[in-house]
There are 2 protein chains.
Amino acid sequence: MAAKLRIALIEPSQIVRTGLEASLSSFGAKFQVLWSFSSISHFTSFSDEIDPDIIVVNPALFDQTGAEKVKTAINNPRDARIVAFAYSIISESLKRQFSAVLSIYDTPSEIAMSIERVFQKEIDDNELIQSGYTPHPVEYDLSDREKEVLVSVAKGFTNKEIAGIHNISVHTVISHRKNIVRKTGIKSVSGLTVYSLLNGLIEQ
Amino acid sequence: MAAKLRIALIEPSQIVRTGLEASLSSFGAKFQVLWSFSSISHFTSFSDEIDPDIIVVNPALFDQTGAEKVKTAINNPRDARIVAFAYSIISESLKRQFSAVLSIYDTPSEIAMSIERVFQKEIDDNELIQSGYTPHPVEYDLSDREKEVLVSVAKGFTNKEIAGIHNISVHTVISHRKNIVRKTGIKSVSGLTVYSLLNGLIEQ
DNA sequence: AAAACAATCCCCAATAATGGGGATATTAAG
DNA sequence: CTTAATATCCCCATTATTGGGGATTGTTTT
């Protein structure tokens with residue numbers, strides 16, 4: 001790895017962009033943040049003209065439902081490694097879509113090491129696949145109605161209230177809830193609430 | 001406001017510290033980040049030797065239960081304005097303890113304006129008090145046991161399971177839950193889960 | 001066209017939670 | 001020393017949820 005790693009940064013916070021650029025430039029021999037964007041659409045409009053080795057992106061910029069895949073959302077013709085740089089909780093299904101997940105609390109040297117490790121891991125990945133490991137495929141596929149009911153559950157409404165809100169009978173609410181539990185494997189209201197928060201179904 | 005505002009920064013992320021320092025220095029005529037700390041204890045060991053006009057602090061560094069008051073946690077003999085610099089959701093009760101709440105998504109100039117506004121607001125504050133306004137006083141005061149039970153509720157355990165975990169009878173669990181509902185005013189499990197997340201009682 | 005899924009409704013029995021009312025012992029604060 | 005708060009326990013009745021079993025009518029998907 002003689003050449004410098006060319007980094008493209010997609011990060012909405014100007015403060016964080018400035019901080020990352022300055023911090024990574026202190027490892028000048030190894031890294032160069034050559035491109036810096038505040039949004040994915042901003043990145044996309046330039047993605048054919050640049051050729052980064054690594055795309056460092058804030059995972060909060062993605063649809064957190066898991067419906068949108070990171071690899072299709074990011075136009076990446078030269079197959080750069082995509083690394084997340086997170087400063088809040090993100091869902092497991094989103095995490096799995098990145099080569100690495102960095103944290104805002106990592107020190108610059110930790111970040112540098114993680115990025116280097118991403119390139120070392122390329123070899124290991126093949127071994128993992130040979131040894132029967134497949135990257136976790138699970139992604140819950142809730143129907144629109146099920147999501148609506150889930151949101152109401154997460155907001156703390158009782159089945160009777162949910163029935164009223166959606167103009168359906170309590171029986172139907174219960175049916176939907178049974179399917180939600182079956183699909184997600186999450187039985188408790190609190191678990192479903194956290195799931196809804198993580199997947200961007202509700203805010204606050 | 002002829003003199004430069006002297007800023008002390010308490011922020012665990014080195015990346016963010018670097019970014020804020022660089023960004024605020026571009027307003028060199030008005031601001032100076034003179035001191036920079038990674039934790040409150042680090043700040044405290046120097047707080048008698050420095051005299052900032054403003055303390056910019058990451059609110060995540062505080063006990064999010066609201067039990068610990070920001071003004072007592074931060075040794076602030078010269079009564080500097082305390083401003084929060086947040087990059088995740090924080091509870092309303094914590095927000096109210098700061099002169100301003102900045103966001104990591106604010107641009108440097110927005111941050112600069114907000115900080116200037118803090119000093120203008122000093123005058124207005126007196127008027128607000130005269131006109132009958134009092135800063136919201138509500139702060140739930142859950143006992144240790146109640147917090148423990150709340151955490152278990154938020155983790156999705158049933159009353160029976162919680163009783164087992166804490167070696168008390170289901171009756172006692174129910175009693176604690178009654179008191180939690182009475183004190184917080186939050187009736188639903190999902191509401192209590194969000195409360196626990198916001199107040200840092202549970203992670204994930 | 002058949003199969004799978006979505007959305008709606010129903011019954012039943014068991015389990016869990018809510019809301020009201022207690023009680024007692026200990027500790028902390030005024 | 002009295003009061004308030006905490007922590008523990010109990011009873012009762014009502015309401016809610018869970019988990020099992022259905023059914024029907026559409027709409028996609030293969």
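Every chain is numbered from 1, with letters handed out A, B, ... down the list of sequences.
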Nucleotide [N], atom [atom2] - distance to [atom1] of [X] in whole Å:
| X | N | atom1 | atom2 | answer |
| --- | --- | --- | --- | --- |
| B:N179 | D:dT6 | CG | C1' | 9 Å |
| A:I168 | C:dA7 | CD1 | P | 10 Å |
| A:I174 | C:dC10 | CD1 | C1' | 10 Å |
| B:N159 | D:dT18 | CG | P | 13 Å |
| A:I186 | D:dT18 | CD1 | P | 13 Å |
| A:E148 | C:dA6 | CD | P | 14 Å |
| A:K187 | D:dG19 | NZ | C1' | 9 Å |
| A:R182 | C:dA7 | CZ | C1' | 13 Å |

Q: Give a yes or no on whether a donor-acceptor pair under 3.5 Å exists between the nucleobase atoms of C:dC10, that is its base, and the side chain of A:S169.
A: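 No, no donor-acceptor pair under 3.5 Å.
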
Q) Are OP1 or OP2 of C:dT8 and a side-chain N or O of A:H176 less than 4.0 angstrom apart? A)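 For C:dT8, OP1/OP2 do have a side-chain N/O of A:H176 under 4.0 Å.
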
Would you tabulate the pairs of protein nitrogen or oxygen atoms and nucleotide nitrogen or oxygen atoms of nucleotides 23-29 of chain C closer than 3.5 angstrom?
none

Q) Does a side-chain N-to-carboxylate-O contact under 4.0 Å join A:R81 and A:D53? A)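 Salt bridge flag = no for A:D53 with A:R81.
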
Q: Sort by first number and list every stem of DNA chain D: at least 3 consecutive Watson-Crick or G-U wobble pairs, both distances under 3.5 Å.
A: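 Consecutive-pair runs (3 or more) involving DNA chain D: C:3-5 with D:26-28, C:7-30 with D:1-24.
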
